[in-house]
Amino acid sequence: MRHSDDCQDHSRTSDAMSNSTPQPVLRTVDIISLIVGTVIGGGIFKAPAIVAASLGSIGWVVGAWLLGGLASVIGALCYAELATAYPDTGGEFHFIGRAYGSRLAFLYAWARATVIVPGSIAGLAVTLGDYLAPVLPLGEHAATLWAVFMIVALSVLNSLGIRPARTAQNLFAFVEIITVCAIVVAGVVGHNHTQAVPDVTLPEGGAHLGLAMVFVLLTYGGWNEAAYISAEVADGRRGILKGLLLGLGTVTVLYGLINGAYLWGLGHAGVAASAAPAADLFRLAFGRQSGTLLGAIVAFSCMKAISATIFFGARSNYAVGRNWRLFSWLGHWHESGAPRRAIAVQAVLSLALVFLAAFTRNGFQAIVEFEAPVFWCFILLVATALFVLRRREGLPAGAFAVPLYPLLPALFVCSSGALLWSSLSYTGLGALFGVVLLAAGIVPLALEQRLTARPASQ
């Protein structure tokens, strides 16, 4: 395939220009902590209220979160097959390129670099700023200033190399367990206090299940990032599979505990009416002064998720530089063990989104709308790529095979398609901006094709 040959030639050129290359140093426990760190972030402090307001009973709410965990595990099994069959720092756009050709792979790389990863980082940073500003005020624009500061500080941390970033992430994951325990305690204590029932009109049953699942599965989002570290896993194929399944299993349990605490402490109507359910739960359980503690907990959780997203996102940008001449300057791996140029680029794009979100009424929801349709469009392409590659190339020796093939991959395709439709149907103006930015990728694609058509010496 021409795309693969071009990528290999360019990779060798990039290696010659680089001081170093990715090394297999990540253990299974590191993968688990990175997945937990990426998935559990600001979304769990915002999305449960939207989900509760979209569904008519506690049973539907609990079912939506369990369904999100199941769908994510099925998706992870499909990714495990692709990552073990075709390990590459290019991750998802490597799978798409192998199945559908270089043009679609380029558009996904463009979308990931300009929409998906910056959107994730900015959404987490905005949530962090909203919770931290009342605790440590810095004036009228405190929330935006805190968001900017954290993006810069955590980008610098990841630029120091893989070992400091890995150590920090493992520490973040440990503290996350303590955070969940604190929320569960608040739920138990809060349930024992009387509270007024909010005047909220809830829909019947699962009338808006599609909208709820957009936010549930975006809150579960991030496990797919493991595809970008397949070249850095010390335990090879087995380590990727174990890390994915154990990481997602941990996330599902933690999400169940957090949502159970919200519903037990505030009630269904209370969660649906809350702009910040964790903050309301802590105030109910421990009094108004607990806001300081809660702000620190949420800020720490967001810091962890931002750091993990920076870690994964930079590696996909690095792979962009190794695969396409137009962005070859990104394909540089610093001798410290980090793709510093890739980290810097995604930091700038994330900061731009934070500043734009500062001028919207609901920054978090606007960023979700911006990111969701583009994200699910390409997740659907990855899901179908498994069928294409299985039929065309078979299953390579030693690769993990998805159980119950083709049933589980078909379920992954259907769920991804449904989420793409829901994200387009229920989101607003932000979705239009994301789609327009994706379409703008046609311009650099045309430039890349012109560069590729020329001899390498020109």
Side-chain angles (χ1 to χ4, degrees), residues 31-32 34-41 43 47 63-87 91-96 98-99 108 111-112 116-117 120 209-210 212-230 237 240-256 308-309 312 316 371-390 395 399-423:
I31 301 171
I32 294 171
L34 283 165
I35 289 174
V36 171
T38 307
V39 175
I40 302 180
W65 286 100
L66 290 177
L67 181 61
L70 178 61
S72 299
V73 168
I74 292 174
L77 291 172
C78 295
Y79 266 67
E81 174 171 322
L82 290 168
T84 55
Y86 315 105
E92 290 157 322
F93 62 74
H94 176 70
F95 309 148
I96 291 173
R98 197 173 186 112
Y108 176 69
R112 181 173 169 81
I116 297 172
V117 173
S120 297
L209 181 61
M213 291 308 297
V214 169
F215 286 90
V216 167
L217 284 174
L218 272 178
T219 308
Y220 271 103
W223 54 264
N224 56 300
E225 303 291 344
Y228 294 94
I229 57 172
S230 56
R237 292 167 174 168
I240 295 173
L241 177 61
K242 286 172 59 182
L244 275 169
L245 295 182
L246 291 176
L248 263 178
T250 302
V251 168
T252 303
V253 170
L254 295 179
Y255 275 2
T309 305
F312 285 120
S316 65
E371 176 191 359
V374 177
F375 174 80
W376 286 112
C377 173
F378 286 101
I379 290 294
L380 177 61
L381 280 176
V382 174
T384 55
L386 189 146
F387 286 100
V388 173
L389 293 173
R390 269 271 198 130
L395 187 66
F400 169 77
V402 178
L404 302 178
Y405 180 88
L407 176 61
L408 291 188
L411 289 174
F412 183 37
V413 170
C414 291
S415 65
S416 300
L419 265 296
L420 172 60
W421 172 255
S422 295
S423 63

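For Leu395, the side-chain contact (heavy atoms from CB on, under 4.5 Å) test picks out Glu81, Arg390, Ala399, Ala401, with sequence neighbours left out. Scanning for ring pair (Phe, Tyr, Trp, His ring centres under 6.0 Å) contacts around Phe375 gives an empty result, with sequence neighbours left out. For Phe412, there are no ring pair (Phe, Tyr, Trp, His ring centres under 6.0 Å) partners at least two apart in sequence or on another chain. The side-chain hydrogen bond (donor to acceptor under 3.5 Å, both in side chains) check on Thr250 picks up nothing, with sequence neighbours excluded. Taking Ser120 as the reference, Glu371 meet the side-chain hydrogen bond (donor to acceptor under 3.5 Å, both in side chains) condition, with sequence neighbours excluded. For Trp65, the side-chain hydrogen bond (donor to acceptor under 3.5 Å, both in side chains) partners are Asn259, not counting sequence neighbours.
Between Val73 and Leu244, the closest side-chain pair of non-hydrogen atoms is not below 4.5 Å. Inter-residue side-chain proximity for Ser415 and Ile74 is flagged as unmet; no heavy-atom pair is nearer than 4.5 Å. The side-chain heavy atoms of Leu217 and Trp376, taken from C-beta on, include a pair separated by under 4.5 Å.
In terms of heavy atoms, His94 sits closest to Tyr86 at CD2-O, 3.6 Å. What you find for Val251 and Val36 is that their closest heavy atoms are CG2-CA, 4.0 Å. Smallest separation of non-hydrogen atoms from Leu386 and Cys78: CD1-O, 3.5 Å. Residues Ser416 and Ile379 share a closest heavy-atom pair of OG-CG2, 3.5 Å. Between Leu420 and Cys377 the shortest heavy-atom distance is CD1-N, 3.8 Å. Closest non-hydrogen pair, Ala111 versus Val374, comes out as CB-CG1, 3.6 Å.
Identified under the salt bridge (charged side-chain N to carboxylate O under 4.0 Å, His left out) test for residues 65-79, with sequence neighbours left out: none. For residues 406-416, the set of pairs meeting the salt bridge (charged side-chain N to carboxylate O under 4.0 Å, His left out) definition, not counting sequence neighbours, is empty. Within the structure, side chain to side chain donor-acceptor pair (under 3.5 Å) contacts touching residues 400-411 (residues at least two apart or in different chains) do not occur. Listed by first and then second residue, the salt bridge (charged side-chain N to carboxylate O under 4.0 Å, His left out) pairs involving residues 378-389 amount to none (not counting sequence neighbours).
A donor-acceptor pair under 3.5 Å links the side-chain atoms of Thr84 to the main chain of Phe400, judged by distance alone.
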**Request:** Give the intermediate values and the outcome of side chain to side chain contact (heavy atoms under 4.5 Å, CB included) for residues Leu381 and Phe95.
**Result:** CA-CA 9 Å; Leu381 280 176; Phe95 309 148; over 6 Å; no

**Message:** Does Tyr255 form a side chain to side chain contact (heavy atoms under 4.5 Å, CB included) with Thr252? I'd like the steps, not just the answer.
**Reply:** CA-CA 5 Å; Tyr255 275 2; Thr252 303; 5.9 Å; no

**Request:** Any chance you could lay out the side chain to side chain contact (heavy atoms under 4.5 Å, CB included) test for Val39 and Thr219, step after step, and finish with the verdict?
**Result:** CA-CA 7 Å; Val39 175; Thr219 308; over 6 Å; no

**Request:** Apply the test side chain to side chain contact (heavy atoms under 4.5 Å, CB included) to residues Val382 and Leu82: give CA-CA distance (whole Å), side-chain angles for both, the deciding distance (0.1 Å), then the verdict.
**Result:** CA-CA 9 Å; Val382 174; Leu82 290 168; 3.7 Å; yes

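Here the straight-line distance linking atom CD1 of Ile35 with atom OG of Ser72 works out to 11.0 Å at 0.5 Å rounding.
Residues Phe93 and Phe378 keep their aromatic ring centres 6.0 Å or farther apart.
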